[in-house]
Structures are given as C-alpha cells and as structure tokens.
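Here, residue 1 is the first one in the sequence, and each next residue gets the next number.
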Amino acid sequence: MPAPDRPRSLYHRTAAQRAGEDQMLENTPWSLTIEQIGSEIVLRASGALDLDTAGQVRSAATSALRTAAPSPTLTVDLAEVTFLDSTGLGMLVTLWHEARNVGGKFQVARPSPAALRILQITGVDALFDLA
C-alpha cells in the first residue's frame with residue numbers, strides 16, 4: 001500500500017529555488033532610513049533583516065523613541081525586505097514592547113511577501129498593526 005501524501009513543509013523548496021533565492025539575497029544591498037514626521041518615526045529597511053542587520057534597526061529605533069514626542073508611533077516599513085529571520089522577528093517584537101513602554105504605538109507597514117509570510121507563519125502578524 002503506498003504511503004499517503006503528506007503535507008509539505010511551508011519551507012519546502014527545490015534546490016533550484018533555494019539557489020535563486022540565495023542569489024537574490026546576496027545581490028540586495030542593505031539600507032536603513034529614518035524619518036520623523038511629527039510624533040511618527042518611520043524606519044525603512046531594505047535587504048535582509050537578520051542577525052547582521054537587526055541590531056542596527058533596533059539601535060536606530062530605540063534612539064529615535066528616546067528623543068520622540070510623547071506617545072510616538074513607530075512604523076517599520078518592510079516593503080523592501082527580502083529576508084526576515086528569527087533575529088529580525090525578535091527585534092520587531094522588542095520594538096513593539098519598547099514603543100508600548102513609552103506610551104506609543106507600533107506598526108509594520110507594507111510588509112514584502114517574504115516578510116509577511118514569516119509574520120503569518122509565526123502568528124506575529126496578529127500582534128502588530130499592519131499598515
């Protein structure tokens with residue numbers, strides 16, 4: 001009797017797909033911009049949000065929150081993020097806590113398909129306001 005079909009992992013990819021994704025990640029430059037508009041702080045990240053880059057985003061956001069007006073809104077724009085790992089995800093949760101601790105709000109804006117997938121798989125999308 002043949003084995004029943006099993007659901008594939010959400011992470012199942014062929015070797016060719018992995019190679020193409022790895023190439024895309026290597027060619028995407030990392031950048032971070034910060035803009036303050038009134039009481040809103042907007043961080044725009046592009047490239048991979050991972051172990052190498054999450055600390056930069058957290059430092060920039062924490063510094064901006066310290067100097068912000070009362071009840072700031074911290075918006076992290078993920079439209080250009082090509083990869084989000086557990087370190088980046090943990091950093092977003094930390095920023096959510098930090099914004100709330102100063103009486104502010106936290107939101108994730110325009111998550112890329114790659115970022116949105118990780119937010120949904122982990123259930124963290126229910127925690128954040130998605131704009």
Quiz item: According to a 4.5 Å side-chain heavy-atom criterion applied to Ile, Leu, Val, Met, Phe, Trp and Tyr, with indirect links allowed, do L51 and L43 form part of one hydrophobic cluster?
Solution: no

Self-check item: Inter-residue atom distance L65.CG - N101.CG, 0.5 Å rounding
Solution: 10.0 Å

Practice problem: Apply the test side-chain contact (heavy atoms from CB on, under 4.5 Å) to residues V76 and F106: give CA-CA distance (whole Å), side-chain angles for both, the deciding distance (0.1 Å), then the verdict. | Solution: CA-CA 8 Å; V76 180; F106 177 82; 3.7 Å; yes

Quiz item: If you look at every heavy atom in V81 and S112, which pair is closest and at what distance?
Solution: O-OG, 2.5 Å

Practice problem: Search all heavy atoms of A60 against all heavy atoms of I34 and return the closest pair with its distance. | Solution: CB-CD1, 3.3 Å

Self-check item: V93 versus L127, closest heavy-atom pair with distance
Solution: CG2-CD2, 4.3 Å

Quiz item: Which atoms form the tightest heavy-atom contact between L78 and A115, and what is the distance?
Solution: CD1-CB, 4.1 Å

Quiz item: What pairs of residues pass the salt bridge (Lys or Arg N to Asp or Glu O under 4.0 Å) test when at least one of them lies in residues 50-63, not counting sequence neighbours?
Solution: R58-E98

Practice problem: Please report the shortest heavy-atom distance between T53 and A48, naming the atom on each side. | Solution: OG1-O, 2.8 Å

Quiz item: Does anything in residues 122-131 pair up under salt bridge (Lys or Arg N to Asp or Glu O under 4.0 Å), and if so which pairs, sequence neighbours excluded?
Solution: none

Quiz item: According to a 4.5 Å side-chain heavy-atom criterion applied to Ile, Leu, Val, Met, Phe, Trp and Tyr, with indirect links allowed, do V42 and L49 form part of one hydrophobic cluster?
Solution: no

Quiz item: With sequence neighbours left out, which residue pairs that include part of residues 35-46 fulfil the salt bridge (Lys or Arg N to Asp or Glu O under 4.0 Å) condition?
Solution: E35-R44, R44-D77

Self-check item: Smallest separation among heavy atoms of Q56 and L32, with atom names
Solution: O-CD2, 3.9 Å

Quiz item: Testing D85, L89, L84 for side chain to side chain contact (heavy atoms under 4.5 Å, CB included) with T87, which one passes?
Solution: D85

Quiz prompt | Flag, side chain of T73 to backbone of K105, donor-acceptor distance under 3.5 Å | solution = no

Quiz item: When rounded to the nearest 0.5 angstrom, what distance separates CG in L92 from CZ in F128?
Solution: 5.0 Å

Self-check item: Verdict with supporting geometry, V108 and V124, side-chain contact (heavy atoms from CB on, under 4.5 Å)
Solution: CA-CA 11 Å; V108 171; V124 174; over 6 Å; no

Quiz item: Does the S63 side chain pair with the main chain of S59, one donor and one acceptor, at a distance under 3.5 Å?
Solution: no

